[in-house]
Amino acid sequence: MEAATAVETIQREMTVFARRARASAGRLHPELSLVSYTLLGHLEERDGCRATDLAAHYALDKSTVSRQVAALERAGLVERRQDPEDHRVQLLHLSAAGRHILGQVTVSRRAAVGERLAEWSREDLERFAGYLVRYNAWPGPSEGS
């Protein structure tokens, strides 16, 4: 397969992957979109952060993140706390309810992915995991290019 054909195939398959992920998000927890799940996961991983940090990390517009965070706050999944190092800054943290729902959805998603990959060999799983990590680690085009 030529490199250009392989890149086209990868792009097409990643689009299918993203569409399926979005569709399954609603089935696993109707109130928790894929974006919301991702933001909650990031807050858990970082033990809280600023909304601007979320926007920068996911290359999202600040207004998009603001709407998502507002919805998560209304649902009681996220709470704001004052930054102990800079009292002018508000940090977002998972609430107890947010931590609980994130845990439930994570278990469901892992089971769904595990089921889909059940027939894969350990070597294939490790290779696939490594490729995904490598792909997602790319810092993006440098400024000015």
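Keep in mind that what you see is a predicted model, and the values were worked out from it rather than measured.
Closest non-hydrogen pair, G76 versus A97, comes out as O-CB, 3.7 Å. V78 and S95 make their closest contact through N-OG, 4.0 Å (heavy atoms, listed as atom of the first residue, atom of the second, distance).
Once rounded to the nearest 0.5 Å, the distance linking CG of L102 with CZ of R109 reads 9.0 Å. Distance check, rounded to the nearest 0.5 Å: CG of L91 to CD of E79 gives 11.5 Å. For the atom pair L117 CG and F128 CZ, the distance stands at 6.5 Å (nearest 0.5 Å). Here the straight-line distance linking atom CZ of R127 with atom OG of S121 works out to 6.5 Å at 0.5 Å rounding. In this structure, NE2 on H100 lies 13.0 Å from CG on L94, to the nearest 0.5 angstrom. Rounded to the nearest 0.5 Å, atoms CG (D83) and CD (Q90) are 9.0 Å apart.
T106 and Y37 share a donor-acceptor pair across their side chains, judged by distance under 3.5 Å alone. In this structure, a donor-acceptor pair under 3.5 Å is present between the side chains of Q11 and T15.
Atom CD of E123 has more than 12 heavy atoms from other residues, nucleotides or ligands within 6.0 Å. Environment of CD in E119: sparse, with no more than 12 heavy atoms of neighbouring residues, nucleotides or ligands closer than 6.0 Å. Dense packing is recorded around NE2 of H57, with more than 12 heavy atoms of other residues, nucleotides or ligands lying under 6.0 Å away. Under a cut-off of 6.0 angstrom, the local environment of CD in E8 is sparse, with at most 12 non-hydrogen atoms contributed by other residues, nucleotides or ligands.
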For the pair I101 and Q104, evaluate side-chain contact (heavy atoms from CB on, under 4.5 Å) and give the outcome as yes or no after the intermediate values. CA-CA 5 Å; I101 285 178; Q104 286 181 320; 4.2 Å; yes
For R116 and R20, what are the C-alpha separation, side-chain angles and deciding distance, and is it a side-chain contact (heavy atoms from CB on, under 4.5 Å)? CA-CA 12 Å; R116 189 172 197 106; R20 284 188 175 155; 2.6 Å; yes
Derivation of the side chain to side chain donor-acceptor pair (under 3.5 Å) call for H87 and Q82: CA-CA 6 Å; H87 296 298; Q82 197 172 51; 3.2 Å; yes
For a side-chain contact (heavy atoms from CB on, under 4.5 Å) check, start with the C-alpha distance between V107 and R110, then their side-chain angles and the critical distance, and finish with the verdict. CA-CA 5 Å; V107 167; R110 280 193 186 132; 5.8 Å; no
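Residue L43 is tested with L54, D53, V69, T38 for a side chain to side chain contact (heavy atoms under 4.5 Å, CB included); the sole match is L54. Checking each of V105, L92, L72 against L40 for a side chain to side chain contact (heavy atoms under 4.5 Å, CB included) leaves exactly one that passes, namely L72.
A continuous path of hydrophobic side-chain contacts links L125 to V113 [ILVMFWY only; heavy atoms under 4.5 Å].
Not a single donor-acceptor pair under 3.5 Å links the side chain of S66 to the backbone N or O of K62.
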